[in-house]
Structures are given as C-alpha cells and as structure tokens.
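These notes are about the structure you will find just below.
When a residue number appears, it is its place in the shown sequence, counting from 1. Indexing begins at 1, ligand by ligand and atom by atom, following the structure's order. Nothing here was measured: the structure is a model prediction, and the numbers come from that model.
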Amino acid sequence: MERLVVIGGVAAGLSAASAAKRLKGSSMDVSVFEKSGYISYGACSEPYFISGMLTAPEDLIEITPEEFEKKRSIPIYRKHEVVNIDYQDGYVDVLDLINGKSSRHAFDYLMIATGAKGKNLGVPGEDLEGVNTLRTVEDAIRIQKSAVSGKEVVICGGGYIGLEMAEAFVELGKKVTILKKSSQMLLNFDPEMSEIVEEEVRSKGVVIETGVDILSFEGDGRVERVVTNKGDFKADSVLIAKGASPNVDLANKIGVKLGETGAIAVDRHQRTSLGRVYSGGDCVEAYHMVLGKPAYIPLGTTANKAGRVAGENIGGLSTEFRGIVGTAVSKIFDLEVARTGLSLKEAGAAGLDAYAINIRHRSRSKHYVGGWPITVQFTTEKETKRLLGAQMIGREGAALRINVLAAALYSGMTVEDVYRLDLGYAPAFAPAWDPILIAANKARKG
Ligand code: FAD
C-alpha cells in the first residue's frame, strides 16, 4: 500500500488528500496533520465571524473532521504539528500538541500545504496582549474577544484584509484608525482606483493616516498605544495586516527549491524539486500567465485548484495547473472591488510598455430602477494591444464582471477581441453597451 502524508489541513492540503484518495482508493493510505484545532476553515469568511454576521467559529468550517474521515476514509490529526521531515528515509516526526507525545509516520508521497503566516512588523511590543495577526480560526476567536474590550482599534496596513477588517470593526461600533506607510491603500490597484476605495472607507468614519512608520506597541501587559513617527495612537486592540509570507521552513530544511519569490517552486504538476514531494496553496508560487513567470499571490481559489492538481498527480494522473492571472475580488463597505492581471504600475515594473484607460458607466440600463456607476480601468500593451489587466469598482456588478476579463487574460485576448465579445444584456442586469465593452472600445483606440 502506498502512503501519502499531508502537512496542513486547509484548502490545498485537503484538496490534495481528497483527490489522491478518490483516485487510489484503498490502495493508498492518506493521513492529514494539522497543527491548529480546526481543518477546512474558510479564512476568507473570518471578517464576517469577527463582525458577528456568523455566530460561531464552526460556521467557518467547510467540512468537519468527522465528515472527512467518514466520507473520505482519511484520518485527520488536529493539534498535530509536523516538526521534522526525513526525505531520504521517507518519514515525518509529528508532535501531538495536546499530550506532548511524538510519533513517526512513513510516506511514499508527501504533500506540503503549510500555507502562509501573517507578516509581523518586527518592532517592540508585538507580543503584547491585544496585538494580533489574522490567519487561523484561533486568531479570529482571539481578535473577536480582544475587540470586546475598549473602543479604539488600530489596523496596521491597508490591503484587502485590513480594509475588510475595518468594516468588521465598524460593524462592532469601534473607532477604527488605519496606519499606513505608503500614501496609497490597495497597492495592487492603480492610484486613481484605490482613491475611490479610500473615499468610501473614510466616509464610514474610519481614520486613515499615511506616511506612518510604526516604531513600537506599548502598554502594561496589554496594548494601550501605537508609537509612530507621527506621534502616538491610542489603541485598545491592534490588527497587523501587512500581508502574508509563505510557510517554507520545513520545505527549506529538506532542500526543496524555493523560487525567486521566496515561496516553494513547483512544476505544472505541483511537484517540487524533490520528486516525491508535492506542494500547493499559500506556501508555493504559481505561474502568472500575463507576466510569463512565477508570482506569489496567495489566494484560496488558487490553493484549492493547485491542491487538487497535486492530489491528482499523486493519484497517478498527469494533470496540470496552468496558472493564475492575478484575479481578486473583495467587498469593502458598500463597494465591490475587483482586479485581474496587471495594474499600470505592475506592467511598468515588469518592463511592459503599457497605457491605462478609465471609464465610468452604469451597472444597469438607465431604463430600469436602481443601478450604480462602475469605474473600469484597463491596462493595455502599447504595441500589441493585448489586454494586460483590469480593475473595477462599484456598488454592484463589479465583482463578478471582472471574471469576463480574467477569462480574456487567460486566453490572451487583445482589447479589440474584448470589444467584440457577445456579452449578455437585459435592463435589470446591464446596459446594452456593458461597461466592459465601453472600456474595451476606449482601450482599442488608446
Ligand atoms: P492555509 O489556509 O494557510 O492552511 C495551512 C495550514 O497548515 C494551517 O492551518 C496551518 O496551521 C497548517 N500548518 C502549517 N505548518 C504546519 C505543520 N508543520 N504541521 C501541521 N500543520 C501545519 N482568498 C481568496 O481567494 N478570497 C478571499 O476573499 C480571501 N479572503 C481572505 C481573508 C482573510 C482574513 C485571510 C486570512 C485570507 C483570505 N484569503 C482569501 C486567502 C485564503 O484564505 C488562503 O489563500 C487559503 O486559506 C490558503 O490555503 P492553504 O491550504 O494553502 O493554506
């Protein structure tokens, strides 16, 4: 019997475990080790648990360990941390975090799905009570409890998690301050687009301070203030939301090759540089189809797909994960915020000669009630008129509309191709000339 050991029991790990078991059945013994107390949790919904929209941590769980074991015949070991891998002899050492006992488990295949960790700032006082990062369900529970005491919440960082959490804290009646080093929120958007978001966030009473260097967190056991180059900010709790870095320590120790991004490098089958070791999710980089090289964009949608491809290949198929185009959507207060491909700034940084166009159009026909403006920005390559990226922001119709452009990027369309697309129209859903077509028309003339 072949043995597969999976490290990490969330999107990538469980997708791989399920796919391999489905293909190999009783001829493969699959075990999943997860160091937290939860598996199969949707970190993406944690802001909605913290805000109170979801009432219990269990609401974040997609499939329980009991269901997983029963339906898929895969034992799940929660609160079990893999502390050592011996690749040569093919085993892992696992520490039971409840009783402190160690055990050894042999493998023929290993799936590393250790995900990412929230970046810290590396300043004094980060270990004070009330200073948190958000990744696991335990983090979400701690943040929710922490927010109960006091009124003032400081968020360090203005990316999508920081902004989704700003909304959650406002829902809880907190006074929220966002501290940011750069002058722009959402750095993977172009400035004119992120300004729309910033205006929305400020309109909800959130204070945004830019150009801020955080020097330390201070308090007597529990955080009381954030010390910065722009003075002190009172804080009853703090969320550090500076992005994520891949959890590659175990992989690194056994000599798995890392890519230029610092995440694990894999081939299209999600195989690492060590033949029997596969990986996927937030600990790996993915081939970016617009850039034509690997990029590190840790998202759940990618983790699920890459995990499944790893499992299929472990299970004997030869399937490929073709890559990503950098699509991400978020709800920030009353706005749908969406992007795919490259912003103008990112295209420039990649050495591509590009231009941007920007339009504003209605989400529905003017002959139908409701509807809101959507702002659309395209990034287009000058010489070839290839679509390089798109951003959309509006109160409705922006988040899912971006998928048309994600598909366009996936198939390498020019803006002329996008302009000719046969998109659906009915007054309740879109104008006859959809905002996508209006933007494409402007971009092709650009
Ligand atoms: P993870 O979810 O990080 O899971 C890895 C697991 O491995 C962890 O549970 C960890 O405890 C475990 N582990 C690590 N080391 C060991 C070890 N040595 N032994 C045992 N276990 C170990 N993505 C989207 O696409 N859309 C969204 O809207 C979105 N919103 C998000 C909102 C928030 C607040 C957060 C935090 C993330 C969000 N994401 C979103 C990202 C998404 O949650 C991740 O991309 C996804 O969870 C990655 O899955 P993964 O399996 O690779 O890693």
**OP:** Assess H80 for proximity to ligand 1: is some non-hydrogen atom of it under 4.0 Å away?
**Re:** yes
Subject >> Nearest protein heavy atom with distance in Å, relative to atom 31 (C) of ligand 1 >> reply: C44 CA, 3.3 Å
Subject >> Residues which pass ring-ring contact (aromatic ring centres under 6.0 Å, His included) with Y48, listed by chain and number, not counting sequence neighbours >> reply: none
**OP:** Would you mind running through ligand 1 and noting each atom that sits below 4.0 Å from a heavy atom of A113?
**Re:** 5 (C), 6 (C), 7 (O)
**OP:** Tell me which protein heavy atom sits closest to atom 21 (N) of ligand 1, plus the residue, atom name and distance to 0.1 Å.
**Re:** K35 N, 3.1 Å
**OP:** Please work out which of the three classes, parallel, tilted or perpendicular, describes the rings of F33 and Y77, given edges at 30° and 60°.
**Re:** parallel
Original post:
Which ligand 1 atoms does T301 reach within 4.0 Å, using its non-hydrogen atoms?
Top reply: 25 (O)
Subject >> Atoms of ligand 1 close to G281 [distance to a heavy atom under 4.0 angstrom, numbered from 1] >> reply: 52 (O)
Original post:
Under 4.0 Å from any heavy atom of A303, which atoms of ligand 1 are there?
Top reply: 48 (C), 49 (O), 52 (O)
**OP:** Considering the heavy atoms of A11, write down every atom of ligand 1 situated less than 4.0 Å from one of them.
**Re:** 49 (O), 51 (O)
Original post:
Under 4.0 Å from any heavy atom of V10, which atoms of ligand 1 are there?
Top reply: 2 (O), 4 (O), 6 (C), 9 (O), 51 (O)
Original post:
Closer than 4.0 angstrom: is that true for some heavy atom of Y38 and an atom of ligand 1?
Top reply: no
**OP:** Run the numbers for me: atoms of ligand 1, each under 4.0 Å from some heavy atom of A116, listed by number.
**Re:** 3 (O)
**OP:** Please list all pairs passing the salt bridge (Lys or Arg N to Asp or Glu O under 4.0 Å) test where one or both residues lie in residues 10-39, with sequence neighbours left out.
**Re:** E2-K24
**OP:** Determine whether the side chain, the backbone, both or neither of D282 has a heavy atom under 4.0 Å from any heavy atom of ligand 1.
**Re:** both
Original post:
Nearest heavy atom to atom 15 (N) of ligand 1: which of T114, V137, I161, L134 does it belong to?
Top reply: T114
